[in-house]
Amino acid sequence: MIITLSKGADAARVRAALADLGLWTREFSGSLGGTQFYVRAHSGAADHSAILAVPGVADLAEPASDHPLVDALGPEVEIGGVRIGGAAAPVLFAGPCSIESEDQIHTVARRLAALGTRFLRGGAFKPRTSPYEFQGLGREALRWMRAAADESGLLVVTEALSESSLDDVAETADLIQIGSRNMHNSPLLTAAGRTGRPVLVKRGMAATVEEWLSAGEYCLAHGAPAVVFCERGIRSFDDGTRNLLDLAAVALLRHSHGVPVIVDPSHGLGRRDLILPLSRAAIAAGAAGVIVEVHPHPGAALSDGPQAISYEAVSELVAALDTDQPAALAGKS
Ligand code: PEP
Ligand code: MN
């Protein structure tokens with residue numbers, strides 16, 4: 001939003017009055033002359049009449065947003081009967097980093113369903129830093145995952161790494177995951193939108209919040225019925241944790257942009273001992289749920305073992321976050 005000041009207005013006073021309304025401004029000299037304020041994206045929502053009533057404010061204008069469909073999305077979406085965001089209880093997305101065998105994914109699905117997980121996660125196509133690391137088991141793993149999820153009453157979220165596997169992923173997944181490395185891949189975002197499936201848009205590891213929202217816009221503009229955003233940590237100077245889990249961005253998405261956002265503390269932290277406290281913090285910041293990596297034998301995991309948690313830890317997480325539960329587990333009929 002752009003606010004134009006009246007001639008001779010005291011800019012500092014106007015800025016202070018706008019800050020009282022929750023608006024954070026940056027001054028610039030507009031092409032029309034005089035003083036104007038640009039209202040920054042992390043400002044709160046304020047009534048236009050309240051802004052115009054501030055002494056010294058002459059006019060305001062709302063330039064078109066780069067992501068109108070995201071802006072219209074609203075705080076809550078429903079995927080496969082599960083409500084995500086808004087007033088809904090936190091949703092747990094859990095599963096292995098990679099699908100490693102048919103038996104593994106069935107076992108994990110059964111255990112996680114019994115603990116209150118709603119979405120089974122797991123990669124069949126893995127974006128690995130090294131070409132010598134495990135790359136995932138591909139299409140066959142997708143079939144195992146779908147069967148495992150169906151057997152246990154779970155929904156499926158899995159990553160589409162490229163356009164070549166997108167049709168198979170779309171056939172399998174209730175929610176198509178676009179990974180951090182692909183958040184800027186507009187042809188893939190476009191193609192994911194065209195499948196007509198909801199999309200989980202993970203934040204690029206060096207993406208601004210606006211770029212992240214625009215990635216969601218791509219999916220919606222090309223036909224996705226819904227998007228959910230996922231904060232998974234950004235690159236920082238500090239290697240104390242794998243990434244810097246940006247919970248401020250989570251609060252921005254939830255409270256300023258009003259869109260559903262979940263948090264992936266597994267990739268954000270890279271270590272299992274901090275998953276519980278940062279999951280709590282994520283929910284406090286406004287996350288609609290968390291997505292965590294779980295492995296029956298973390299030490300033997302083919303990828304991301306150090307950040308995988310045990311079933312016991314999942315159970316603690318569910319209790320701590322007071323997550324959404326399927327009727328059967330919650331004791332409802
Ligand atoms: C994942 O969730 O499996 C994954 C690879 O995460 P990211 O894209 O956030 O690195
Ligand atoms: Mn992983």
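Every value quoted in this text rests on a predicted model; they were computed, and no experiment measured them. Ligands are counted one by one from 1 in listed order, and the atoms in each one are counted from 1 as well. Just so it is clear, the values below take in all heavy atoms, side chains as well, and ignore hydrogens, waters and symmetry mates.
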Audit row: R146, D174, salt bridge (charged side-chain N to carboxylate O under 4.0 Å, His left out) steps and yes/no
CA-CA 10 Å; R146 185 70 257 174; D174 299 286; 2.9 Å; yes
Would you check, one step at a time, whether the test salt bridge (charged side-chain N to carboxylate O under 4.0 Å, His left out) holds for D167 with R139?
CA-CA 10 Å; D167 288 344; R139 289 178 174 77; over 6 Å; no
Going through the checks in order, is the salt bridge (charged side-chain N to carboxylate O under 4.0 Å, His left out) test met by E78 and R83?
CA-CA 4 Å; E78 191 177 313; R83 292 164 58 216; 5.7 Å; no
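Shown here for C219 and V201, the closest heavy-atom pair between the two residues is SG-CG2, 4.2 Å.
Nearest to atom 6 (O) of ligand 1 among the protein's heavy atoms is K202 NZ, 3.0 Å. Looking only at heavy atoms of the protein, atom 8 (O) of ligand 1 is closest to S180 N, 2.8 Å.
The contact set between ligand 1 and K126, taken as ligand atoms under 4.0 Å from a residue heavy atom, comprises 3 (O). When each atom of ligand 1 is checked for a heavy atom of G179 under 4.0 Å away, the hits are 8 (O). For ligand 1, the atoms sitting less than 4.0 Å from at least one non-hydrogen atom of R121 are 1 (C), 2 (O), 3 (O), numbered in the order shown with element in parentheses. Short contacts between ligand 1 and R232, defined as distances under 4.0 Å to a heavy atom of the residue, involve ligand atoms 7 (P), 9 (O), 10 (O).
Under the 4.0 angstrom criterion for non-hydrogen atoms, R203 is not in contact with ligand 1.
Open room surrounds CZ on R235; 12 or fewer heavy atoms of other groups in view lie less than 6.0 Å from it. In the displayed structure, R13 atom CZ is contacted under 6.0 Å by at most 12 heavy atoms of other residues, nucleotides or ligands.
Remark: the backbone N or O of E217 is not paired with any side-chain donor or acceptor of S214 at under 3.5 angstrom.
Of the heavy atoms in P127, only side-chain atoms (C-beta onward) come closer than 4.0 Å to ligand 1.
The tally of protein N/O/S atoms under 2.8 Å from the Mn ion (ligand 2) stands at 4.
Side chains of H267 and D264: a donor-acceptor N/O pair is present below 3.5 angstrom, by distance only.
Using the six-membered ring where Trp is involved, F119 and F93 have ring planes that are parallel, under 30° apart on the 30 and 60° scheme.
I178 is listed as a side-chain neighbour of L188, based on a closest heavy-atom distance under 4.5 Å.
Residue contacts with ligand 1: R181 is placed with a nitrogen or oxygen under 3.5 Å of a nitrogen or oxygen of the ligand (distance criterion only).
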